There are 2 protein chains.
Amino acid sequence: MAEQERNSLMINALSKSLALLRAFGDGHAVLGITELVRLTGIEKSSVQRILATLHSEGMLIRDNKTRRYRLSNKWLHMAYAHYIADPLSSQVMPRLFDLQQQLGQALNLAEICDTSIMYTLRLPVKRTSFEGTLTGRTHPALNTSGGRAILSTWGPTRWQHAAQTWPLGQYTPRTTQDRGRIAELIAKAHEDGYAISEQEVLLNEIGIGIPIKSPGGEARAAIHCSVSLSSWTIDQARAELVPVLLDTARTFFVPEYEDIDESAVE
Amino acid sequence: MAEQERNSLMINALSKSLALLRAFGDGHAVLGITELVRLTGIEKSSVQRILATLHSEGMLIRDNKTRRYRLSNKWLHMAYAHYIADPLSSQVMPRLFDLQQQLGQALNLAEICDTSIMYTLRLPVKRTSFEGTLTGRTHPALNTSGGRAILSTWGPTRWQHAAQTWPLGQYTPRTTQDRGRIAELIAKAHEDGYAISEQEVLLNEIGIGIPIKSPGGEARAAIHCSVSLSSWTIDQARAELVPVLLDTARTFFVPEYEDIDESAVE
DNA sequence: CCCGTATGTATCGTATTGCGATACTTTAGA
DNA sequence: TCTAAAGTATCGCAATACGATACATACGGG
């Protein structure tokens, strides 16, 4: 929010277009003009022009019956290009694959993305829900073991602040809503070197988050392991899975973030 | 190309930005200003502005050392939103998963995207290359079994035209360069109801492409199965894999394309 | 080590271009 | 059939993005 206007070389039309595109991500995947006006607050005429442009460029599919739009598969190209250029994914992928063979559990790479956790690599084990296999899914960082694991490396000041201000979701009856409790859990994760959560996002699911630290000790990503409460207890998971996961996470080399970092505060 | 300008409600800045973004996809995943100017032909000042905007929106990561940019993981959000809204992927995924359990072979969903094939769902079997696990990868349609399978449903006129004009790559010594031969292979696929290719994209690989037809009989997508020549012969694959794959592909319901279709001819 | 070139950054006046108001057309539901 | 809501088209204005140019910084060879 803060530093939008300082650079006078910002293209307004492009900013708006991105805002509009993001609207498709936030739960509403199929949208018409008026809905977009409501969601984004952009003028109808502008929405009209942006949609026309994106559509004519093949980036949007239009349902001629309902006159509503959805994102085309051309966007997968951007995702692909991201992965190719991303030093972390290419490094983590093969190790994650081996780990999955060894442990037989669902594994993800989770990255911090503003105040959310995004699953960027996914290796499911059995037939899960379709959504469960897709990369790009996000959850509020505070709700997830991965998010707490990452925050636990940022130092008490920053994680306290995050625990108090970052958004929270409500997924199951057992999703922790108590921000003080969350701060405690992060502190615990700081001591342990990893975070465990129980049924906070999905019922019957234990989440294990292991931070992937840069040389400076801060993490922007985590290995996330998801196991079922019907086959595992928390203690079993701690004893059998955590050590292996910690071993793996330690071996990654993550360069320091010289870039914006933008700290996602306020 | 043809119908760019007829609509006067096209936003120039946005079109340019998309062109610039696409440059990251085409093999060059990390780019500086000057390189982008070369690749896209856009004025340096414009490139500068677009990059500044995208960067400040968090869509690009900048390496402060080399001053070059790459796509951030925010784009995965767009990919995610695409999948959520796409009726085909969500339909195919579970069936593909079952198939993979049954056959134990690498399976993909391949979709036509202009003159290319894009792998939009991937279920690899063993530790393959990183790229081999990523969705959004494209190859010239003419080079792949999936592309030929799809074209074989479009009728002789259109597939002849495609065979003569669509781009061709050269991946292995055995990649067919003869456009006449490719037209023949498509015709063969039309008779058989599927396409098989041998070592045209990857050495030691047999590709099997099964069209997923809409009620009208035309396909925009294909199931693609990749098997190793060290364990299989072409005849074995035809006998053991193809029937099962055909059975599966037949059961999908793909709505007709009322949308642009844009036929990628010109 | 210094210089020359190539690349990235900042500035600025102008006319182009995207803006938003409004009027028109189509759809869907009562 | 009518009405309200959603989508589409038009148009004049001025704000905005444009591109030329000048300035700064990085890189690499002699």
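Each chain gets a letter, A, B and so on, in the order its sequence line appears, and its residues count up from 1. Note that the coordinates shown come from a computational prediction; the quantities given were computed from them, not determined experimentally.
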Taking only the side-chain nitrogens and oxygens of [X], find out if one of them lies under 4.0 Å from OP1 or OP2 of [N].
X	N	value
B:Ser46	D:dA17	no
A:Arg38	D:dA6	yes
B:Lys16	D:dG19	yes
B:Lys44	D:dC18	no
B:Arg67	D:dA26	yes

Item to check | Nearest to side-chain heavy atoms of A:Glu43, which nucleotide of C:dA21, C:dC19, D:dG19 | outcome: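 Among C:dA21, C:dC19, D:dG19, the one nearest the side chain of A:Glu43 is C:dA21.
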Interatomic distance, [X] [atom1] vs [N] [atom2] [rounded to whole Å]:
X	N	atom1	atom2	answer
B:Leu36	C:dA6	CG	P	19 Å
A:Lys65	D:dG7	NZ	P	16 Å
A:Met10	C:dG18	CE	P	17 Å
A:Leu51	D:dA6	CG	P	15 Å

Checklist entry - Can you give one letter per nucleotide of nucleotides 11-17 of chain C, going 5' to 3': B for a protein heavy atom under 4.0 Å from the base, S for sugar-phosphate only, - for none? => result -------
Checklist entry - With sequence neighbours excluded, what pairs up with B:Glu131 under the salt bridge (Lys or Arg N to Asp or Glu O under 4.0 Å) test? => result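 Partners of B:Glu131 under the salt bridge (Lys or Arg N to Asp or Glu O under 4.0 Å) test: B:Arg137.
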Checklist entry - Is the ring centre of B:Phe24 less than 6.0 Å from the ring centre of A:His82? => result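 Aromatic pair excluded; centres sit 6.0 Å or further apart.
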